*Asks:* 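One structure, as structure tokens, below. Some questions next.
Please read these numbers as outputs of a predicted model, since none were measured by experiment. Only this structure's heavy atoms are used, side chains among them; waters, hydrogens and symmetry mates stay out.
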There are 2 protein chains.
Amino acid sequence: MFNPNNPVPLHIQLRKSIEKKIKLGLFKEKIPSERELMETYDVSRSTVREAISQLVIDGILEKKHGKGTFISKHPIHYWSGNFISTTEMIERMQMTPGTKLIRHGIETIPDELKEAIEMDNAYLIKRVRYANEVPLAIETQYYPVTIGLQLANLDINHGTLYDLMENELSIQLNEADERITSQKIGSEDAELLNLPVDCYTLHLERFVYDVSGDLVEYCIADYNPELYSFHFKSSRAGK
Amino acid sequence: MFNPNNPVPLHIQLRKSIEKKIKLGLFKEKIPSERELMETYDVSRSTVREAISQLVIDGILEKKHGKGTFISKHPIHYWSGNFISTTEMIERMQMTPGTKLIRHGIETIPDELKEAIEMDNAYLIKRVRYANEVPLAIETQYYPVTIGLQLANLDINHGTLYDLMENELSIQLNEADERITSQKIGSEDAELLNLPVDCYTLHLERFVYDVSGDLVEYCIADYNPELYSFHFKSSRAGK
DNA sequence: AAGTGGTCTAGACCACTTG
DNA sequence: AAGTGGTCTAGACCACTTT
């Protein structure tokens with residue numbers, strides 16, 4: 001079924017295929033059983049289980065012993081161990097994403113950030129993000145200058161910068177460290193979000209690394225706390 | 001090596017064993033290779049990999065292709081897909097946990113919560129949580145009355161209620177839904193946390209379910225935002 | 001070359017759910 | 001009884017890292 005010369009592991013090809021069929025609506029509610037998938041794709045059951053287990057970790061599928069594997073009904077998994085772009089997140093909330101570019105260019109890094117990102121200069125992109133035309137968040141993103149300059153040549157007024165990095169610049173994003181706090185918003189930003197001055201926001205900092213472990217983005221986002229909250233699903237299994 | 005009559009799956013027994021050896025310091029930095037673990041415990045490699053993969057998901061181990069499996073250096077995984085008790089969380093921060101019981105007893109549920117927890121009455125436990133004697137959070141926990149009455153007979157002034165539920169009441173906790181927002185604190189609670197009135201807190205709501213899917217706890221926690229933030233590690237793999 | 005984790009197969013039996 | 005996911009084995013080859 002799959003091309004054995006493809007360097008992409010079978011379980012990943014299978015996972016993408018299942019993901020696609022879910023998105024296209026070819027699988028409703030339930031996906032075929034592990035043994036059916038074995039036959040359809042001509043792979044072993046371990047491979048099927050490997051593919052499915054990742055989708056379970058991602059919160060896309062749920063297994064029920066003796067019944068089958070079901071498409072998760074949690075409409076939105078804001079957080080499931082994987083970071084996604086703001087655009088995708090807004091789309092998952094069934095809203096229309098929008099973007100307004102405030103400014104971008106090479107800037108010297110503020111002292112309080114120098115320790116965190118270990119660069120003197122960075123390419124800064126500051127944008128307001130909208131959901132159904134309502135300002136939802138302010139994002140300030142810092143990139144290594146070489147990456148930022150390439151991004152600036154692309155369309156940074158729409159779409160997700162993660163997709164641009166991955167698809168246009170061939171940067172393989174790997175993982176991120178994130179921190180959520182509650183912080184007073186500045187007056188400039190308050191105006192952009194239509195919030196009273198000195199209001200508190202949900203403040204997210206995200207360090208994104210590529211497969212080599214190099215920092216490829218530092219993102220600060222302030223969310224309107226009236227419109228946004230972080231949702232999680234966690235298990236007690238790890239105890 | 002393991003008792004084959006034990007109904008607990010081998011990979012879980014192995015996982016617990018590895019976890020314990022890490023905690024005891026018998027494994028520093030690196031754990032034995034998969035093939036070594038196979039021989040030591042007399043199980044197949046799949047079983048070893050199954051055990052390890054869960055520990056990787058939990059953020060306790062990290063695999064490096066060609067090098068080995070290493071004990072994660074992230075000293076604290078505040079959030080890694082598993083919820084832990086506040087006590088354990090404070091201990092992981094290398095601080096001493098403390099608790100002050102504010103009040104407890106059967107109460108009628110406020111209207112705004114009725115929809116969420118689908119009970120008329122609940123056993124309420126409200127406590128201030130300290131880290132190194134400094135008030136860190138206020139927790140208000142709602143339990144089904146039968147559970148709450150049992151808990152009240154135990155020591156609710158120390159220790160973790162999750163451990164009490166699991167070990168003393170034999171309730172098997174399964175998973176939780178959590179939501180983080182930023183909220184204005186009430187004047188009563190502000191005093192308990194030594195915060196100015198109308199200050200904002202990091203506000204956590206947690207619904208905890210047992211293996212049958214029944215709600216066994218609803219917990220509201222307000223954290224002093226000066227002292228506490230949520231940390232995450234997320235990957236891009238799920239894309 | 002030797003050791004590590006990554007991928008994959010073929011097959012077995014168990015436990016749970018539904019007819 | 002039949003079908004599902006859960007567990008487990010024994011073995012193979014590949015890709016990456018270190019010696």
Side-chain angles (χ1 to χ4, degrees), chain A residues 1-18 27-57 60-72 172 174-175 210-213 235 237, chain B residues 1-18 27-57 60-72 172 174 211-213 235 237:
Chain A
M1 184 67 186
F2 288 122
N3 179 1
N5 298 323
N6 192 328
V8 176
L10 288 179
H11 69 89
I12 294 179
Q13 292 183 54
L14 175 55
R15 190 181 83 206
K16 301 274 180 192
S17 172
I18 294 172
F27 296 154
K28 324 254 179 206
E29 194 193 8
K30 193 169 179 294
I31 69 168
S33 75
E34 296 179 353
R35 287 164 182 86
E36 277 181 83
L37 289 169
M38 273 177 76
E39 294 215 350
T40 311
Y41 291 94
D42 194 26
V43 293
S44 73
R45 191 156 160 231
S46 307
T47 303
V48 171
R49 286 178 61 80
E50 178 85 24
I52 290 178
S53 76
Q54 187 59 50
L55 292 171
V56 170
I57 291 172
I60 293 170
L61 295 178
E62 289 177 6
K63 299 205 222 186
K64 291 184 185 170
H65 197 169
K67 297 184 75 171
T69 302
F70 298 81
I71 296 167
S72 179
Q172 213 176 326
N174 186 33
E175 58 176 20
D210 66 12
V211 285
S212 311
S235 70
Chain B
M1 185 68 185
F2 289 121
N3 179 0
N5 298 322
N6 191 328
V8 176
L10 287 180
H11 70 89
I12 293 179
Q13 293 182 54
L14 175 55
R15 191 180 82 206
K16 301 273 180 193
S17 172
I18 294 173
F27 296 155
K28 325 252 177 205
E29 194 193 8
K30 193 170 179 294
I31 70 168
S33 75
E34 296 179 352
R35 286 163 183 87
E36 279 181 82
L37 290 169
M38 273 177 75
E39 294 216 348
T40 311
Y41 290 95
D42 193 26
V43 293
S44 73
R45 193 158 159 229
S46 307
T47 304
V48 171
R49 286 177 62 80
E50 178 85 25
I52 289 178
S53 78
Q54 187 59 49
L55 293 171
V56 170
I57 292 171
I60 292 170
L61 295 178
E62 290 177 5
K63 297 205 223 186
K64 292 183 185 170
H65 196 169
K67 297 184 74 171
T69 303
F70 298 82
I71 295 167
S72 179
Q172 213 176 328
N174 185 33
V211 285
S212 311
S235 70

*Asks:* Anything below 3.5 Å on both distances counts as a pair; with that, list the stems of at least three consecutive Watson-Crick or G-U pairs involving DNA chain C.
*Replies:* C:1-18 with D:1-18
*Asks:* Both A:Lys67 and A:Ser44 contact DNA chain C. Which one's nearest nucleotide lies toward the 5' end?
*Replies:*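 Per heavy-atom nearest nucleotide, the more 5' residue is A:Ser44.
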*Asks:* Consider only side-chain N and O atoms of B:Thr47 and B:Tyr41, and report whether a donor and an acceptor are under 3.5 Å apart.
*Replies:* no
*Asks:* For A:Leu55 versus A:Arg15, what's the shortest heavy-atom pair and its separation?
*Replies:*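 Closest pair (atom of A:Leu55, atom of A:Arg15, distance): CG-CG, 3.6 Å.
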*Asks:* Is A:Ser33 touching bases, backbone alone, or none of the nucleic acid, heavy atoms closer than 4.0 Å?
*Replies:* sugar-phosphate
*Asks:* Minimum heavy-atom separation for B:Ala51 to B:His11, with atom names?
*Replies:* CB-O, 3.3 Å
*Asks:* Going 5' to 3' on DNA chain C, which nucleotide is the first and which the last to come under 4.0 Å of a heavy atom in chain A?
*Replies:*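 Terminal contacting nucleotides, 5' to 3': C:dT7 to C:dT18.
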*Asks:* What are the two closest heavy atoms between B:Val48 and B:Met38, and how far apart are they?
*Replies:* CG2-N, 3.8 Å
*Asks:* With nearest nucleotide decided by heavy atoms, which residue, B:Arg45 or A:Arg35, maps closer to the 5′ end of DNA chain C?
*Replies:* B:Arg45
*Asks:* Which heavy atom in A:Phe27 sits nearest to a heavy atom in A:Ile71, and how many Å separate them?
*Replies:* O-CD1, 3.2 Å
*Asks:* Over all heavy atoms of both residues, which pair between A:Lys67 and A:Lys30 is shortest? Give the atoms and the distance, please.
*Replies:*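 Result for this residue pair: O-CE, 3.5 Å.
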*Asks:* To the nearest 0.5 angstrom, please state how far the CD atom of A:Glu50 sits from the CG atom of A:Leu14.
*Replies:* 10.5 Å
*Asks:* Measure the spacing between CD1 of B:Ile52 and CZ of B:Arg49 and express it to the nearest 0.5 Å.
*Replies:* 8.0 Å
